[in-house]
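A short write-up of the structure that comes next.
In this text the structure is predicted, and so the values were computed from the model without any measurement. Just so it is clear: chains get the letters A, B, ... in the order the sequence lines come, proteins before strands, and each one is counted from 1.
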Amino acid sequence: MGEILLEVKNLKKYFHVAAGTLHAVDDVSFTIEEGRTLGIVGESGCGKTTLGRTILRLIEPTSGEICFNGKDLRKLNKSEMRFMRREMQIIFQDPYSSLNPRKTIAETIEEPILLAGLIPDSDKRFMRVLELMGTVGLAQRLINTYPHELDGGRRQRVGIARALAMNPKFIVCDEPVSSLDVSIQAQILNLMKTIQRDMGITYLFITHDLSVVNHFSDDIAVMYLGQLVEKAPSETLFQKPLHPYTEALLSAIPVARIHNRHERILLKGELTSPINPEPICRFAERCNQCMDICTKEDPPLIEARPNHFVACHLHKPMGS
Amino acid sequence: MDAQQNTLEIKNLTVEYVVDDEVVHAVTGVNIAIPAGRTFGLVGETGAGKTTTALSILNLLPLPAGRIVSGEIFVNGQDVFKLSPKQLLAMRGSQVAMVFQDPMSSLNPIKTVGEQIAEGMKIHRGVSDKEALRQATSMLEMVGIPGDRVSEYPHQFSGGMKQRVIIAIALACNPDLLIADEPTTALDVTIQAQVLKLIRELKEQSRMAMLIITHALGIVAEVCDSVGIMYAGRIVECGTLADIFDNLRHPYTRGLFDSLPDIENRRAELKPIPGLIPDPMNLPPGCAFHPRCSYAKPECSQDLPQVRWLSDTHYVCCHLYNETTENML
C-alpha cells in the first residue's frame, strides 16, 4: 500500500441559484493512495464533474480541505497554486471542445511546457513534444495537424499528452472515453493504464459507465445528488454492494451476453432536485427499502465493513 | 423471400453522399428483413452507415447530398421508393414511426407534449381535437407519465421523460414499424433501464416490428431478436441473438466484443481493434476491414468477401469462410 497522495475532507461546493442553494458537492471525504485509481461514478447531475474541478481548485470550494502531498491546497495563494498545478492535471471529456482549434497539435502539447518555463531551449522542447506524442501513440507526421483534422480518439490522445507534459503525479480524468467508439475507447483505456504503470500516476477517474469504471479503477466511490453514498475496492463494490442505489445502478448495466442475465432492480422516478435538499436521505424517495428513519435523518458515511464505506440507515458501523 | 411476410424488407440498398465532388459510400448492399413482432438490432460504430440505412426507409436522406443508388425497401409489401410524395407523407408517422437519439432537440419547445402526441392522430386518423387529446393522455400514461402532465411543455420534463414522450408520439398511430435510432444513448443508466423495460413491454403487447440502431451490444442483448453488425457501410455478419452472442464468426464482431470491459472479470485485458475506421470517401480495396484484421490474407485486400450462409439464420462476409463453415476465430 502506498502513501496517501490526496485527502479530501468534508468538501462542499454550493452554488447560489435563483431557486436557492444548489448542493453540487456536499460534505465529500475520501483519500487516494499514490499510484492508484479512484473511480467516481454517478448519473448526470450528481456532482462528479464539480467534485473533480473543485479538487483542482478550478472551481473554488465552499468549504472543506483538499490535502495534496500533505499540503492544504486551499491555503495556497495564486502563484503557489499555479506551481502546484504542474503536479495535478486534468483530461476533459470532450476532445472536440477542449483543444484550441487554431493551434497545431505540437503547439497544444508544447504550451504548458512553455508557460511553466520548464524547458527554455526550443530544440529540446520540440524533442519533448515528440517524446510525448510517442508516449500516447500519435504518429510524428501529425505534428503540424490541427484538431479538426483528427478523429476523436486521436484528439483524446492529444489531451492526454498535454496532461502528461508537466510530469504530473495526479490526473483528474473527467469522462475521458465516453465520447469515443468502443474499439477506440478500449485503445485509450489501455494507453492510460500503461502510462499509469510506467509513470506511477494517480488517477481520479470520473465516469458514468460502470463497466469501464470497474475495469479501470482500484476503488470506486458512488455519488448521488452531491453526496458520496458508498466507497469500496472495485471487486467488493461489484460483488457485495451495500447501498440500495449502488445495487440498482449495478443491476441497470446492460450486459453484452444473453445467458445468466440478472434480475434487474428498477428504480422509481428520477433524480430529485439538489437545490435546498432536506436533511434526510436524498435517495429515500426512490429507494425500495425506505424506512421511517430515512425520511427523518440524513445517514452519515460509515465504515460498515473493513475499507467499505456506506451512507445508508440499513447499515451500522463495524463493531457497533 | 416473400416480401409480404415481412413488415420491413430492405433489399440490396446502396446509398451515397456526394460531398465536394467526392463520393461517400455510406451504405453498400444492405439486406434486412424484419417480420411483424420482431426486433432487429443494427450495430456499428460511428460512420458505419446505421443512421443512413434508417433514414432511407422513410426517404428522409438529406438532399441533395444523399442519393439512393440502388436497392428496394418494402414496408408491408409496398415499395417505398415508388410511392408518391403524398403517399410517403401518409406512411411517415402512421405505418412507420421513428424515435431519434436526442430527446432534447426532437421535441417542439413551444407546444405542449399533449399537442405533440395528438398531432399525428389528427393528421393520420382524422380524430377530433378533443378525442386526440384524450388519447394522448392515455398514451402518456402508457409510457409511465401521469396523464395530468399532458398540458405541460417539454422543458418541464427530464431527459428520460422526454424520451418517453417521444416514444408516445411514435406509438400514437399504432405503427407497424418503429425505427429507434440510439433511443437510450442520451440517458442515464437507471433511466435507460426504465426505457428498455418499456420497449420490451411494447414488444410483448404488440405485433410491431422494430429496428433498433445502437452501438451498444448490451442493449441488443436486452431487446433484440436478431442482429446485424455493420462496418464501413456493409453488414459483415448477421444472425439471431444466439448466432452473434454465442457463435460469432467475423473478426470485427470479435473485436467489438473484446473491446468491452468484462463486468465479471475486471482484470481481463481489453483487446482493442487496432487502427481506425476507414475514411468512407476512400475505402480500402477488398474487405474494408482488412487493414485492421489480424486474420487478413492476401485475397482480403483484393476481393470483396461474398455473403456466406452458415445456417438458415446466420451469415458472414469474410474470406475466412470461403471454404469452410467451421469457426475460424
Hey, what do you get for CG (B:Asp258) to OG (A:Ser183), rounding to the nearest 0.5 Å?
11.5 Å
Hey, is the main chain of B:Leu270 close enough, under 3.5 Å, to the side chain of A:Asn190 for a donor-acceptor pair?
yes
What one should report as the nearest heavy-atom pair of A:Ser211 and B:Pro261 is O-CB, 3.4 Å
Just by modelled atom types, is the A:Glu43 backbone N or O under 3.5 Å from a matching donor or acceptor in the B:Asp188 side chain?
no
Under 4.5 Å from any heavy atom of chain A, what part of B:Ala242 do you find: side chain, backbone, both or neither?
both
Atom CZ of residue position B:Arg38 - does it have more than 12 heavy atoms of other residues, nucleotides or ligands inside 6.0 Å?
no
For B:Val189, which of A:Leu249, A:Leu250, A:Asp209 qualifies under side-chain contact (heavy atoms from CB on, under 4.5 Å)?
A:Leu249
Evaluate whether atom CD of B:Glu269 has more than 12 neighbouring non-hydrogen atoms of other residues, nucleotides or ligands under 6.0 angstrom away.
no
Any chance CD of B:Gln101 has more than 12 other-residue heavy atoms, nucleotides or ligands included, within less than 6.0 Å?
yes
Determine, stepwise, if the pair B:Glu264 / A:Val255 fulfils side-chain contact (heavy atoms from CB on, under 4.5 Å).
CA-CA 10 Å; B:Glu264 307 279 287; A:Val255 184; over 6 Å; no
Where is the tightest heavy-atom contact between B:Glu45 and A:Ile184, given as atom of each residue plus distance?
OE2-N, 4.4 Å
Applying side-chain hydrogen bond (donor to acceptor under 3.5 Å, both in side chains), which residue pairs with at least one partner in residues 157-166 of chain B are found, sequence neighbours left out?
A:Glu270-B:Ser158, B:Arg164-B:Gln194
Under 4.5 Å from any heavy atom of chain B - which part of A:Ser217:
backbone
Which distance, rounded to the nearest 0.5 Å, do you find between the OG1 of B:Thr190 and the CG of A:Leu266?
8.5 Å
Options A:His259, A:Lys193, A:Arg264, ranked by heavy-atom pairs under 4.5 Å with chain B, top entry:
A:Arg264
Toward chain B, the part of A:Asn214 with a non-hydrogen atom under 4.5 Å
both
Only heavy atoms, only distances under 4.5 angstrom. Which residues in residues 210-222 of chain B are near chain A?
B:Leu217, B:Gly218, B:Ile219, B:Ala221, B:Glu222
Donor-acceptor under 3.5 Å (A:Gln185 side chain, B:Ser259 main chain):
no
Could I get the full list of salt bridge (Lys or Arg N to Asp or Glu O under 4.0 Å) partners for A:Asp219, not counting sequence neighbours?
A:Arg36
Toward chain A, the part of B:Leu260 with a non-hydrogen atom under 4.5 Å:
side chain
Contacting moiety of A:Leu267, where chain B heavy atoms sit under 4.5 Å
both
Quick check on A:Glu235 against chain B: is it the side chain, the backbone, both or neither that has a heavy atom closer than 4.5 Å?
both
Does atom CD of B:Gln156 have more than 12 heavy-atom neighbours from other groups under 6.0 Å away?
yes
Counting only non-hydrogen atoms closer than 4.5 Å, does A:Ile253 touch chain B with its backbone (N, CA, C, O), its side chain (CB onward), both, or neither?
both
Chain B contact via A:Arg257 - which portion, at a heavy-atom distance below 4.5 Å:
both
Return yes if some donor-acceptor pair links the side-chain N/O of A:Gln187 with the main-chain N/O of B:Gly275 below 3.5 Å, else return no.
yes
Contacting region of B:Asn265 [heavy-atom separation from chain A under 4.5 Å]:
neither
Per-residue contacts, residues 195-202 of chain B versus chain A, heavy atoms under 4.5 Å
B:Leu196, B:Lys197
With a 4.5 angstrom heavy-atom cut-off, is it the side chain or the backbone of B:Ile277 that approaches chain A, or both, or neither?
side chain
Between B:Thr184, B:Leu256, B:Leu241, who has the most heavy-atom pairs with chain A when the cutoff is under 4.5 Å?
B:Leu241
